Every structure is written in structure tokens, then in C-alpha cells.
Amino acid sequence: MLNYALLVHAAPYSHQAALSALRFADAIVTGGHRLAAVFFYHDGVHNASALMSPPQDEIHLAEGWKRLHEDHGTQLLVCIAAGLRRGLLNTDEANRHGLASHNVEAPFELTGIGQLVDAMLNNDRLITFAP
Amino acid sequence: MLNYALLVHAAPYSHQAALSALRFADAIVTGGHRLAAVFFYHDGVHNASALMSPPQDEIHLAEGWKRLHEDHGTQLLVCIAAGLRRGLLNTDEANRHGLASHNVEAPFELTGIGQLVDAMLNNDRLITFAP
Amino acid sequence: MQLHLLNRSPQSTAVYRDLGEAFGADDQLLLIEDACYAALPAASGVIEAFGGRVSVLEEDLVSRGLAGRVSPAITVVDMKGFLALTETHERCVSWF
Amino acid sequence: MQLHLLNRSPQSTAVYRDLGEAFGADDQLLLIEDACYAALPAASGVIEAFGGRVSVLEEDLVSRGLAGRVSPAITVVDMKGFLALTETHERCVSWF
Amino acid sequence: MTNIRASDIEPQDLMVVLRHPPHGSHWLREGIDVALVAAAFGQRVGLLFQGDGVYALLEGQQAGALGQKGTHPQLAMLEMYDIESLWVSAAALSERGLSIDDLMLPVKPLGAEAVAELMQVQPHTLIF
Amino acid sequence: MTNIRASDIEPQDLMVVLRHPPHGSHWLREGIDVALVAAAFGQRVGLLFQGDGVYALLEGQQAGALGQKGTHPQLAMLEMYDIESLWVSAAALSERGLSIDDLMLPVKPLGAEAVAELMQVQPHTLIF
């Protein structure tokens, strides 16, 4: 059994890479390995949006990521610097910025780039999916 | 005097194109022309996010677009199909989808692709800025 | 008579080829953003297809440190010049 | 020994060139997403730099209508095969 | 195949140039959406498949994993929307080792001169 | 310029490959951010400038319109973070008509074989 982490740079519904990442995540856990964490960076932070509302006959990517956390304990880490710029905030950050709405909810966590470095050093494999 | 419309495909804070579009918008109105509308499509819909919170020493793109509307009456049109998928909703759409938060507010309007076709046919120039 | 806008570096050869195919005898090309690198002499092979009707946006050149390096065949325009090009060309097509 | 992932079409020649420079004698290349088009015989000029150590992801081939068109020098792998490649290679580097 | 001559080209109200391959990104899908909506609004719409956009026409495409629909079902709807002016760059096809026989729709191949001419005569062009 | 030989390369804890030019996108900036944070966490970090990434090193870059900072101020901070293993692809430079003298930082030029060797010996590599 190996420990994997994923790094996702691609926005959902713009590039296949977000879907490829979720497909590969399924392959990891089905293959008997552990997916410790997914780190969302660059435009990948939009995968964490609680507001995404795709048509009903298309996959809901944020739900797909959440299911990984629920079923396998995978950490869903969103780069806070990349996210704030792009409009991804949890309630804490919304309060800090005086905003009444938020769009990042547990199990997605806003976190620093240090967690990406940790994920790389503390797992056997880091696989990147970019647009 | 010419009537201009812009089509913006680029996400803010990922590609210069969103900034180029805003620069060119300023040049249009400073140059004595009218900027009738900006249509946000593809990842350009993220320009409309009321939640974007860039560092204080960086430009706030959504505020830049809003100022164009306030000072020059420019319509800010966000493609609803591209936006909903990517997590951009106003209060109406949030209610319709059972979501407690929203991130698109006036003067940004969620609208259909037909408005892009209108903007193209009813203005003298349509200039596209893509990533 | 069209104005073509292009924002990719000359290493994105596919977009330069497709644009070359679509470029008319009276068309103009304006290089913006990362297409500024195509204004360097090293990219002259990619640019010669556009028959000397090429300009480049000054502010994007300057920010990239390219101001003193532009090939003599290419005209440098500022933001007003960009606007003027869109005034005189009925259509503007953006390649990316 | 590295596994390289690539997801751009062979018209994105710059990324193929940079990857070629970085490709080691025991490395493997897996083509996914739009890089599947590099598995066609027409792209053999771009692919030969990788010395026969190239595979392509089956599901991305099939969705693009390329299943019957793959160059014989290239190995087709399914999602399990993709996972297996990452198991046997300590490092996986993604080019885009 | 015989390429169409420039003189055979009829101007449309809107020309959409498709340069991206299917499945990998949403460019192709969002470009076709614009064409379909414009046609539904009564505009005459033409499509040019250029560069990697010619792959959109390849026979035998399928839905992808996780329910990705692809763009071939959209292309199958063009006729219903009276979008029948379909052009393809002959150079783009041949560079990719493809011919008209590999394609799912009847498209007119254009030589380089005709591509430039096609662009000249259209009042509105959008590139995706 | 004399290219560095493969045998002169020391492995780092993390290798960041920068392939994108400055200003046009956030790739370069977000890649350098990862390098700086990893260094701040005590990792030995090396940078390889490859492809259009070599433009990041060009002398004379400035802030852009609308307050775009660019990446040259970030590069000026590398030394403070003890990031001193800076490599550049010699082929990428010469294809762009540039030489080491055009660059703002002291970087070591690598021939193609040395680039491949550099990649082999690093335990972790991220590409931006």
C-alpha cells in the first residue's frame, strides 16, 4: 500500500484535468492505496466551491471530492492565497473581509502552501493534474 | 464615436487577459467612445465574484468592472450557463438551487448567450480577451 | 481588413500557423501580453508570415523588459494606438 | 526512473521539446487527455524522441474516437495501468 | 479531395472558428453553444474547423468517463439549427493525417488562400 | 558560456521547474511561491528555468499596468531564502536569442543531457 497525494491546478468545467484527477483518485482508493490529501492550487481552488450548480446530467465535482473525504478520510486542502484572490472563502475569511456570503465549507479546508510541501514530503507519491 | 462591447473569457488572477480587458475598457471610455457591454464567458465569469479578496496592494478586478458600470453605464453581463457550473450565482439562482449563499450582485447580471449575440450585432466593435 | 489580436508566446507555434492561414493581405496583427516575445529578433521566422503589418503593445513590452529589444520590422504602439487600430479596423479577431 | 504525464496535443510543440530535454534513459511517458492525439501515426515525429517508452490512456483515446488509430509503437493502458505506472515509478512529473 | 475556391464562399452573419479539440477543455463546447444560440436567434452561422478543432469532427467519438458528454452530440444538432456552412482547413486535416472520409459531417475543405478569404468576407468572427 | 556537466549537479529536496513567462499568467508567480515556502520550511530548493520560463530572468522587467507586480521582485528574494541552486536550459536561452549576460541572476546553464540528469537526481519535482 502506498500513500498518495494529488495536486490539482485545473478549474472545474473548463478543463478535463479536474475530472482526470477525480478519476485517478477513485483508481487510487479502489487499487488498495491511501489517498491522504488533495491540494487545490491555481485555478484548481474553484473545485471547492459550494455554489457550483452544474446541470443535473453532469457530474458535480465538489460533491465528488467530498465523497472521497467521507469514504476515505482524504484531506481536501485549498490554498488560501490562491483562493482568496479568486473568490473562495469560508465563514472565517468572509467575516475577516466583511463579506456576508461564503462558498468554502467543510470538509474543504483553506490552508497554506506549507501543507502542499508537507503532502509532498510525507506521502509516497504526489501526482499533479493541471489544465 | 463608436459603440464597443467586450467579450472576456479569462479568469481573474490567473491570466493577464482579464487585466488587459479592463485596461482596454478604460482606453475606450477615455478615448471618447461608448462601452456598451462586457460579456463574461468561459472562466471569465469569475470576474463577477463578489467574494474575490485580493491582497490590498493588488487591483480588485470586480470593483474595476463595477466602476465602469457606475461611471459609464456599461452593462456587465455574465453568461448564466457558464456561471452556474462554475459556482457564480445571484440570490435568485441561489434560491432556485437551494443554496444559502450567493456571489453575483448588481450591477453584474446573469444572462443568456443571446445577449452576447445582441452585443455583437448592436455595437460597432466586439473585442475579445481570452486566456 | 481585420485587426488580429494575439497573446501567446511564439513557442505556441500552432496558433501562429492558424493565424497565418487566416491572415488577409490588408490585415494587421497586434501582439499583446505574452505575444510580445514574438517581437524579438529571434522570433522573426514566425513573424515574417505577417508581411511587416505587425505591431506590439508598448506597456506589455516594457513590463517584460523587452523595450530595447524589438525587431525593427515591428511598430510599437501605446494603449491609444491599440484603440486607434480598433477604430480603423471594422473587425477585431482574437487568437489565443 | 520517472513517469512523465502529459496532457497537451502534439501541436503544443514547446512542451514536447521541454519534456524531451528532461526525459531520462529509463523514464516512461504516459499520454492523457488531449495528448492522446500524439498517439496517432501523424505525430510520430514528435513521439520518436521518447524511444518507445510511451503509453496512452485508453479511456481518453476511446472518448476521442482514436481507439483504432494508435501507432503500433505505443502501449495502450487502462486506468489500472495508469495506477500501476505510478506504483512502479517513484516520481511522477506532470507537463502541461 | 478538392478544395473549395474562395469565390464559392458565401458570407454568413456570424462565423465561429473552432480551434480546440474535444473533451480536453470546454472551449469547443462553449464555442458551439454560441453558434447554436445565434442560429436560434435567426442568424446565419458558419463554422470553420481549424488546427486541433478538426478533431471535433472525427468519427467514433464517445462520452467520456464520469459522464463527460463530449461535443459530438452538439455537432449532430447543427442541421436542426440550419447550420450547414461547415468549413475545414485542408492543411489542418492533412497535418494530422486525416481526410474528409474520417469525419462525421459533410464539411468543405479550404486551402490556405480560401481560409483567408473566408475570414475577409464575414461581418463577425469569434474564435474558440 | 560553458555549460555545467551532469556530474556537478547536487540533488535538492525539491526542484521547481519554471516553464511560463512572467506577467502573462500566474503560473510563474505561484511556482516561485511554492519554492519560497518550501525554503522557509527548511527544504533545500533548486529552480530550473526552461522553455519560456527563461524570460523570467530577463534584466529590466518592471511592474505592469494596473499595479501588476510581475515576478522579478520575487526572484530578488531567492537569495534571502537561501535558494541558490539556479539552473537554466542552455537550449531554451539560445532558441530565444538570449545569453547568460541578459539575465538578472547568476544561473548555471545546462545542456540537454545535464537537464535530464538534473531531473533524475531530484527526489521531488514540480513543474509550473
Side-chain angles (χ1 to χ4, degrees), chain A residues 8-19 40-65 78-105 108 110 130-131, chain B residues 8-19 40-65 78-105 108 110 130-131:
Chain A
V8 177
H9 289 310
Y13 308 107
S14 297
H15 196 281
Q16 192 189 341
L19 290 157
F40 299 97
Y41 196 39
H42 193 79
D43 278 342
V45 296
H46 292 297
N47 280 278
S49 173
L51 301 184
M52 67 170 70
S53 309
Q56 295 203 335
D57 60 347
E58 289 183 35
I59 189 170
H60 192 297
L61 270 159
E63 293 297 332
W65 294 118
V78 181
C79 175
I80 190 166
L84 287 179
R85 272 195 182 81
R86 291 172 173 89
L88 278 288
L89 308 89
N90 57 16
T91 48
D92 280 359
E93 290 299 325
N95 290 340
R96 199 189 317 271
H97 287 84
L99 295 163
S101 278
H102 69 279
N103 56 358
V104 177
E105 288 170 4
F108 290 97
L110 290 175
Chain B
V8 178
H9 289 310
Y13 308 107
S14 296
H15 195 282
Q16 193 189 341
L19 291 157
F40 299 96
Y41 196 38
H42 193 78
D43 278 342
V45 297
H46 292 296
N47 281 276
S49 173
L51 301 184
M52 67 171 69
S53 310
Q56 295 204 332
D57 60 347
E58 289 183 35
I59 189 171
H60 191 297
L61 270 159
E63 294 296 332
W65 295 118
V78 181
C79 175
I80 188 165
L84 287 179
R85 271 194 183 81
R86 290 172 173 89
L88 279 289
L89 307 90
N90 56 17
T91 48
D92 280 1
E93 290 299 326
N95 290 338
R96 200 189 317 271
H97 287 84
L99 295 164
S101 279
H102 68 280
N103 56 357
V104 177
E105 288 171 4
F108 290 97
L110 290 174

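Just so we're on the same page: letters track the sequence lines, and every chain starts at 1. Computed from a predicted model, the values in this text were never measured in an experiment.
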### Task
Look up atom CZ in A:Arg85 and atom CE in B:Met52, then write down how far apart they are to the nearest 0.5 Å.
11.5 Å
#### Entry: Between CG on residue B:Asn103 and CG on residue A:Leu51, distance to nearest 0.5 Å
5.0 Å
### Query
If you check every heavy atom in residues 90-101 of chain A against those of chain B, which residues fall under 4.5 Å?
A:His97, A:Leu99, A:Ser101
Select, from [options], the one with the greatest count of heavy-atom pairs under 4.5 Å involving chain B.
options	result
A:Asp43, A:Leu61, A:Leu84, A:Asn47	A:Leu84
A:Pro12, A:Ala62, A:Ser53	A:Ser53
A:Ala11, A:Ser14, A:Pro54	A:Ser14

## Note on the structure
Cut-off 4.5 Å, heavy atoms of chain B, and the answer for A:His46 is side chain
### Query
With only heavy atoms counted, which part of A:Ala50 is less than 4.5 Å from chain B, the side chain, the backbone, both or neither?
backbone
#### Entry: Contacting moiety of B:Ser49, where chain A heavy atoms sit under 4.5 Å
side chain
